[in-house]
Amino acid sequence: MTVPAVSRPVPSRPAVDADAVVAALYRDHGGTLLTFVLRLTGGDRPWAEDVVQETMIRAWRSAARLDPAASPMPWLATVARRIVIDDRRRRAVRPAESGDTPLEQFAAREAAQELDALLGRVVLDEALASLSAAHRSILTETVVRDRTVNQAAAALGIPVGTAKSRVYYALRALRAALEDRGWRSAG
Amino acid sequence: MNPPVEHTDVAAYALGVLEPGDRAAFETHLASCARCRDELAALAPAAARLREERDARQDTT
């Protein structure tokens, strides 16, 4: 009797369906992640695609630990950022060169701050995108367009009191959406 | 002539989008309303984050 083919050893995998988790991550966040990584790689697309792929491989390995209720974007962005930094470091290491000069350390710190700012922007964009259309619109009409709530109310053709209370509920929703994405206020 | 201050004005105040008269009226109200002071403290970081991003994007465009 021959051993049935299905009984061949399978590499150990997390108990959850990691393939399905990663397929969903690609579908829902692959595009956003690639856009984010392209900014980190300075528009180098082949490099960015490698980074996205490596990020997804790490997500596959960590699938059991990912919280299905939370947005995975902060986790993906953090992992991708780390991969880009490691890549840069590896490329910077050349036999003839001395390594971590003060100038290089300064450049690395600058790059890290830049990446943090980018990550912050991704989180804010995601939080805004998760709001209802009415809440997003009142924040756009006031803060983003630099108008008072009275001017925004006139532009939208709604009573001032309605606009003010909409601003109130929109800001509360934004705060909750930011906190859901791991944002903590600096203060 | 401004409408009476509402507690929910706290968000527009935190975002800096009240008319000058309303802002002054809300500040007077804030001095005597602990609930609004608490809410201002809770909402101010998210409001600041949004304004900071608006300013950053205006600088680059």
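Atoms considered below: every heavy atom in the structure, side chains included; atoms not considered: hydrogens, waters and symmetry mates.
The closest side-chain heavy-atom distance from B:H7 to A:Y168 is not below 4.5 Å. Contact of the B:R49 side chain with the B:R54 side chain is not registered, since no non-hydrogen atoms from C-beta on lie closer than 4.5 Å.
Most heavy-atom pairs under 4.5 Å with chain B: of the set A:V149, A:T142, A:I138, A:V143, this distinction falls to A:V143. When each of A:R121, A:Q151, A:R147 is checked for heavy-atom pairs under 4.5 Å with chain B, A:R121 comes out on top.
Applying the side chain to side chain contact (heavy atoms under 4.5 Å, CB included) rule to A:T41 yields the partners A:V37, A:L38, A:D44, A:W47, A:A48, A:V84; only residues at least two apart in sequence or on another chain are considered. Scored by the salt bridge (charged side-chain N to carboxylate O under 4.0 Å, His left out) test, B:R23 finds no partners at all (sequence neighbours excluded). Listed by chain and residue number, nothing satisfies the salt bridge (charged side-chain N to carboxylate O under 4.0 Å, His left out) test with A:E179 (two or more places apart in sequence, or in another chain).
For a heavy-atom cut-off of 4.5 Å, chain A lies close to B:E39, B:A42, B:L43 in residues 30-44 of chain B.
With respect to the salt-bridge test (charged N to carboxylate O, under 4.0 angstrom), the residues A:K164 and B:E6 do not qualify.
Exactly one of A:I57, A:V52, A:D50 qualifies for a side-chain contact (heavy atoms from CB on, under 4.5 Å) with A:E54. That residue is A:I57.
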